[in-house]
Amino acid sequence: MPKWEFVEYQELASGDRSAFSMGPFGSKITKDNYIPSGVPVVRGTNLAKGIFIDEGFVFISDSKADEISSSNVLPGDLIFTHRGTIGQVSMLPRNPRYERYTIGSSQVKTRLDESRALPEFYYYWFQSPEGQLSILANSSTVGVPGIATPLTSIRKLKVPHPTLSEQRAIAEVLGALDDKIALNERITETIINLSESLYIEETSPHRSTFSVRLKSAARWLSGGTPRSDEPLYWSGSIPWISGASLKQFIIRDSDRRVTGLGAANGTKMAPTGATLCLVRGMSLKTEFRVGIATRPVAFGQDCKALIAADGIGPHTLAYAIRSKRGQVLGLVDEAGHGTGRLDSGLLGSVEIEVPSGPEAATLESKLADLTMLATAHEEESAALIKLRDTLLPKLMSGEIRVHEPESLAVDSL
């Protein structure tokens, strides 16, 4: 087992004067500085998945970015959130979409000396349980969560310093897994978009179709939440879907699960093939979340489950509703405090087109096959994520050597 030296993170900084820098103070960038395009500002939403989310930016002008040059970030820079969601760390990709970026007021950037420290290795280190603990040790939960004296605290974090070749080998193993996971996500998204396009084409005006309102197209179920203080209701095998977990069109799992007893006390079960829609939540202000269950799931009160009526295929129903996202968003009002609300009566009045005759079964079969293909990619990604998360702490602690997990990773691709 290798015995790695631990050093203060700041010892690995590049020679740039602003190698470790905080984002600009709030007065330096305000909403008045935002413009439709320009230099993207990296915020917590871009770091939420660990892997950098290279979209969803606000922008400032080049001249404004010049004023805050110490906050500008380059490919390979690591970015930490020091206020809000503590523990978020990501790396600006080696080949980003934009030529130039800057960080927001809640972020800290770190630029490493790549002759001694590979950014990809330290990105994974800070994703590991020990790396996360080192960050959270400096956090405060009074008011808005934050890191005390953020720049100083991050500078003084203790990090391992294996040889550069060891850093590179470990980063390549974990990076190969993440690359395959990202590829699967793109393939899944493409399949789902193609499926929706197929539905739209097969129900276009020159096809044999009929219109039906959603209130008549399905049986509607309302969900609920079992008592959170009853341990017998939770940590079971049944995924419990809420606004927080209804983020993908393919609904197959959740970070919260209920037992059979929990499912029978306070919530409802939606069968395989049910369409789940979010009808209440802050995200409804900007997006309509909808998906199809590929296994039986329980669901919360912020969701509705629609079970296709006779003569309407479940996949046809799901893609029909997905194709109406723009129209449905126009029906959302506000329940207060920025929470969006979608009235069931209004949602039920939305009309969808359904094929008639033998075309209905043909379309349903095609959509079911495509959804099964997308689900297979989702399940492979879940297995790869589990493998990566198992290897990560073992690699970072030196418990296993690189050549051992490398074969495991390759065999899983």
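- Considering every non-hydrogen atom in both Pro75 and Leu92, the closest pair reads N-CD2, 3.5 Å.
- Here the straight-line distance linking atom CG of Leu174 with atom CG of Asp179 works out to 11.0 Å at 0.5 Å rounding.
- By the 4.5 Å heavy-atom criterion applied to side chains, Arg322 and Ile192 are counted as neighbours.
- The minimum heavy-atom distance linking Phe210 with Ser356 is given by the pair CD2-CB, 4.0 Å.
- Of the inter-residue distances, the one linking Ser254 atom OG with Gln248 atom CD reads 12.0 Å to the nearest 0.5 angstrom.
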Full working for salt bridge (charged side-chain N to carboxylate O under 4.0 Å, His left out) between Lys285 and Glu334 = CA-CA 8 Å; Lys285 302 291 289 185; Glu334 190 166 317; 2.7 Å; yes
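- The heavy-atom pair separating Lys304 from Ser344 by the smallest distance is CE-OG, 3.2 Å.
- The pair Arg94-Glu114 counts as a salt bridge, with a side-chain nitrogen and a carboxylate oxygen less than 4.0 angstrom apart.
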Enumerate donor-acceptor pairs with a distance under 3.5 Å from any side-chain N or O in residues 270-280 to protein atoms, sequence neighbours excluded.
none

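- For the pairing with Trp240, the side chain to side chain contact (heavy atoms under 4.5 Å, CB included) check across Val297, Thr225, Asp255 returns one residue only, Thr225.
- Within the 3.5 Å criterion, the main-chain N or O of Pro358 finds a donor-acceptor partner in the side chain of Thr362.
- Ring orientation note: the planes of Tyr122 and Tyr9 are tilted relative to one another, at an angle of 30° to 60°.
- Interatomic distance, CZ of Arg257 versus OG of Ser245, reported as 11.0 Å (0.5 Å rounding).
- For the residue pair Ser323 and Glu196, no side-chain donor N or O sits within less than 3.5 Å of a side-chain acceptor on the partner.
- Using modelled atom types and a 3.5 Å distance limit, the side chains of Glu353 and Thr203 yield no donor-acceptor pair.
- Within the 4.5 Å cutoff, no side-chain heavy atoms of Val89 are placed close to those of Leu47.
- In this structure a side-chain-to-backbone donor-acceptor pair under 3.5 Å is missing from Asp113 to Ala13.
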request  = Apply side chain to side chain contact (heavy atoms under 4.5 Å, CB included) to Arg341 and Leu284, showing your working.
outcome  = CA-CA 7 Å; Arg341 178 180 58 193; Leu284 261 179; 5.8 Å; no
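- Using modelled atom types, one side-chain atom of Glu230 and one backbone atom of Leu232 make a donor-acceptor pair closer than 3.5 Å.
- There is no side-chain donor-acceptor pair under 3.5 Å between Ser106 and Thr81.
- Remark: side-chain polar atoms of His161 are paired, donor with acceptor, to backbone N or O of Arg116 under 3.5 angstrom.
- Between Phe52 and Tyr101, the ring planes are perpendicular. Angles over 60° get that label, and only those under 30° would be called parallel.
- Without hydrogens or angle criteria, Asp54 side chain to Arg97 main chain gives a donor-acceptor distance under 3.5 Å.
- Proximity of Leu194 to Leu370: side-chain heavy atoms (C-beta onward) are nowhere separated by under 4.5 Å.
- For the residue pair Thr267/Tyr233, the side-chain donor-acceptor check at 3.5 Å is not satisfied.
- Closest of all the heavy-atom pairs between Ile35 and Ile60 is CD1-C, 3.6 Å.
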task = Could you check Ser242 against Arg256 for side chain to side chain contact (heavy atoms under 4.5 Å, CB included), going step by step and ending with a plain yes or no?
result = CA-CA 9 Å; Ser242 66; Arg256 299 192 71 186; 5.9 Å; no
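- Taking the side chain as every heavy atom from C-beta outward, Leu151 and Val108 approach each other to under 4.5 Å.
- Note: Tyr319 and Phe249 have tilted aromatic rings, judged against thresholds of 30 and 60 degrees for the angle between ring planes.
- With Gln132 contributing its side chain and Gly87 its backbone, the two residues share a donor-acceptor pair below 3.5 Å.
- In terms of heavy-atom proximity, Pro226 sits nearest to Gly262 at CG-O, 3.4 Å.
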request  = Go through the steps for Thr102 and Val41 under the test side chain to side chain contact (heavy atoms under 4.5 Å, CB included), then give the verdict.
outcome  = CA-CA 5 Å; Thr102 191; Val41 179; 3.9 Å; yes
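- Ile238 is listed as a side-chain neighbour of Met269, based on a closest heavy-atom distance under 4.5 Å.
- Although no hydrogens or angles enter the test, the distance criterion places a donor-acceptor pair under 3.5 Å between the side chain of Glu166 and the main chain of Thr163.
- Here the side chain of Arg111 pairs no donor or acceptor atom with the backbone of Asp77 at under 3.5 angstrom.
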query = What's the verdict on side chain to side chain contact (heavy atoms under 4.5 Å, CB included) for Asn184 and Leu384, showing C-alpha distance, side-chain angles and the deciding distance?
reply = CA-CA 10 Å; Asn184 280 350; Leu384 292 173; 4.3 Å; yes
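- Looking at Leu214 and Leu317, their side chains come closer than 4.5 Å, going by heavy atoms from C-beta outward.
- In this structure, Asp66 pairs ionically with Arg100, as a charged nitrogen and a carboxylate oxygen lie closer than 4.0 Å.
- A salt bridge between Glu351 and Lys324 is absent, with no side-chain N of the basic residue lying under 4.0 Å from a carboxylate O of the acidic one.
- Put simply, the side chain of Asp16 never gets that close to the backbone of Ser18: no donor and acceptor are under 3.5 Å apart.
- Proximity of a side-chain donor or acceptor of Thr316 to a complementary backbone N or O of Ile312 within less than 3.5 Å is not detected.
- By the 4.5 Å heavy-atom criterion applied to side chains, Asn72 and Val39 are not counted as neighbours.
- A salt bridge between Glu189 and Arg186 is absent, with no side-chain N of the basic residue lying under 4.0 Å from a carboxylate O of the acidic one.
- Using a 4.5 Å heavy-atom threshold, the side chains of Tyr124 and Ile170 count as separate.
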